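Working notes, beginning with the structure itself.
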Number of protein chains: 2
Amino acid sequence: MTNIRVLLVDDHPVVRAGLRAMLADFEGVQVVAEAADGGAALAELSKLHTLGEPVDVVLMDLQMGSGMDGVTATGKIKAGEAGTPPPPVLILTTYDNDADILAAVEAGASGYMLKDAPPEQIRQAVVSAAAGQTALAPEVAARLMGRIRNPVHALSAREVQLVELLATGMSNRAMARELFISEATVKTHLVHIYSKLGVDNRTAAIAVATQRRIIRSQ
Amino acid sequence: MTNIRVLLVDDHPVVRAGLRAMLADFEGVQVVAEAADGGAALAELSKLHTLGEPVDVVLMDLQMGSGMDGVTATGKIKAGEAGTPPPPVLILTTYDNDADILAAVEAGASGYMLKDAPPEQIRQAVVSAAAGQTALAPEVAARLMGRIRNPVHALSAREVQLVELLATGMSNRAMARELFISEATVKTHLVHIYSKLGVDNRTAAIAVATQRRIIRSQ
DNA sequence: CCGCGGATCAACCGTTCGGTTGATTGGGCA
DNA sequence: TGCCCAATCAACCGAACGGTTGATCCGCGG
């Protein structure tokens, strides 16, 4: 009996039902619990642990409407309780953005799949994760490769800071005051940012940065 | 036999499986077909129609990764084939923002639900839609109410359209071309938008509009 | 050690944006 | 019918932005 015990984490009942139905069709995979956000997921994990029914794989959405988000939860799961090896976390989300993927990987996720993946691919990923291997969706893998091969378009930390202020609607002067630098410097940074993002004005920069999840919106 | 025949439209296999499983639990509701995008949905509709097995309700996601999007599909479904009353379209999506809701309603959607809604609420919506009634998620209804109660700060449909383009980083001239109006008109709209949002420049307008969910952030 | 790149600043200039005033049209409502 | 408002356009002007050139300082790595 090599049953893989899975914890589902997603704030959408519809998606949970879909994953449950989908995984039910697979031999050797069993959904043992569900949670609507990261906090509930941690609670379930510790509950199941004390019951002596450990979880083999956590299958989790990255963006949760309310409560603890996926990245934070991944970190906390990986930090885990001493003595018990934390279960692999497989991220299953809608978007394939650089920032999301990097954040997930950084937090310790062992896989990153897209929700539009065919069932078989998701099953593969769960099995791989349970075996301690890394499972990346082809699109995601391609994106990571692209980043490594071509770091030209990466913004520096200072530039990211500028873009964040930019997105709040601040003028050059306001940003200059905020960062204790001159307006000239702000403009220089902006020019570099435009160049790296392939745009030619601040609003387009915000659009691209938001879309690429260089900054987070809302 | 009052069976409600449903067509599912969503580009995520996981979500389709979830809705299928969820609706299977309900008496009187039957999923008769599925489609991955708007184009496939139209094809299914006409196929089922010629087979003499009409669809009672279309349950559709608003944003489809590829192919025809939900708003366009809703419009085409409502345009329909002459002689046959088009089925009600129930939108089921992740985001609740003014722009999406207005676009969906304008295209002829008869309901707007959020994916994080509990199963019972979704069932209610399907039944209501089949009965020719309008079904709005509480959050959505509240948003529309807010718009009606407090029209001072409410943007007109045209202004919302402007803000959407604004957020993509377009210049006044580009927006003018896009909307087939003069740059002067664009500026007039922007001034009204700034005034209603309580800001004094475009980037701040985007920030506020995003925060108030007038437009989708993502 | 020297080069490279990031961060900082200055001066200049053309373009775009922001704000104002004023005007017309058409739809909805009293 | 007459009024209000949204939508459309024009002209104008000051302020802010966008782009360029050129410069200094500093830390990292070959």
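Just so we're clear, the structure is a prediction, and the values are computed from it rather than from any experiment.
- If you check the side chains of B/N172 and B/E183, you find no donor sitting under 3.5 Å from an acceptor.
- Nearest to the side-chain atoms of A/R202 among the listed nucleotides C/dC17, D/dC9, D/dG18 stands D/dG18.
- A straight line from CD1 of A/I181 to C1' of D/dC25 spans 15 Å, rounded to a whole angstrom.
- In this structure, the nucleotide among D/dG18, C/dC9, D/dT8 sitting nearest to the side chain of A/S182 is C/dC9.
- The nearest heavy atom of DNA chain D to A/R173 and to B/K187 marks one nucleotide each, and the one closer to the 5' end goes with B/K187.
- For the pair A/R177 CZ and C/dT8 P, the interatomic distance rounds to 17 Å; values are reported in whole Å.
- B/H189 has a side-chain polar atom (N or O) that falls below the 4.0 Å cut-off from OP1 or OP2 of D/dT8.
- In this entry the distance linking NE2 of B/H192 with P of C/dT20 reads 11 Å, nearest Å.
- Taking the side chain of A/N201 as heavy atoms from C-beta on, and the options C/dC17, C/dA10, D/dG18, the nearest nucleotide is D/dG18.
- Using a cut-off of 4.0 Å between Lys/Arg side-chain N and Asp/Glu carboxylate O, B/K115 and B/D61 are scored as salt-bridged.
- Of the listed nucleotides (C/dA7, D/dA7, D/dT20), D/dT20 has the atom at the smallest distance from the side chain of A/V191.
- As rounded to whole Å, 14 Å separates atom P of C/dC17 from atom CG of A/N172.
- When distances are taken from the side chain of A/T185 to each of C/dT20, D/dC9, C/dT8, the shortest belongs to C/dT8.
- The residue B/S171 sits close only to the backbone: its heavy atoms come under 4.0 Å of sugar-phosphate atoms, none of a base.
- Remark: the B/T185 side chain and the B/T188 side chain contain no N/O donor-acceptor pair separated by less than 3.5 Å.
- B/E159 has its CD atom 10 Å from the P atom of D/dT8, to the nearest Å.
- The shortest distance between the side-chain N/O atoms of B/Y194 and the OP1/OP2 oxygens of C/dG18 is below 4.0 Å.
- Here CD1 of A/I206 is found 12.0 Å from CD of A/E164. Values are rounded to the nearest 0.5 Å.
- The side chain of B/T188 sits closest to D/dC9 out of C/dT8, D/dG18, D/dC9.
- At whole-Å resolution of the value, CG in B/L162 and P in C/dC17 are 13 Å apart.
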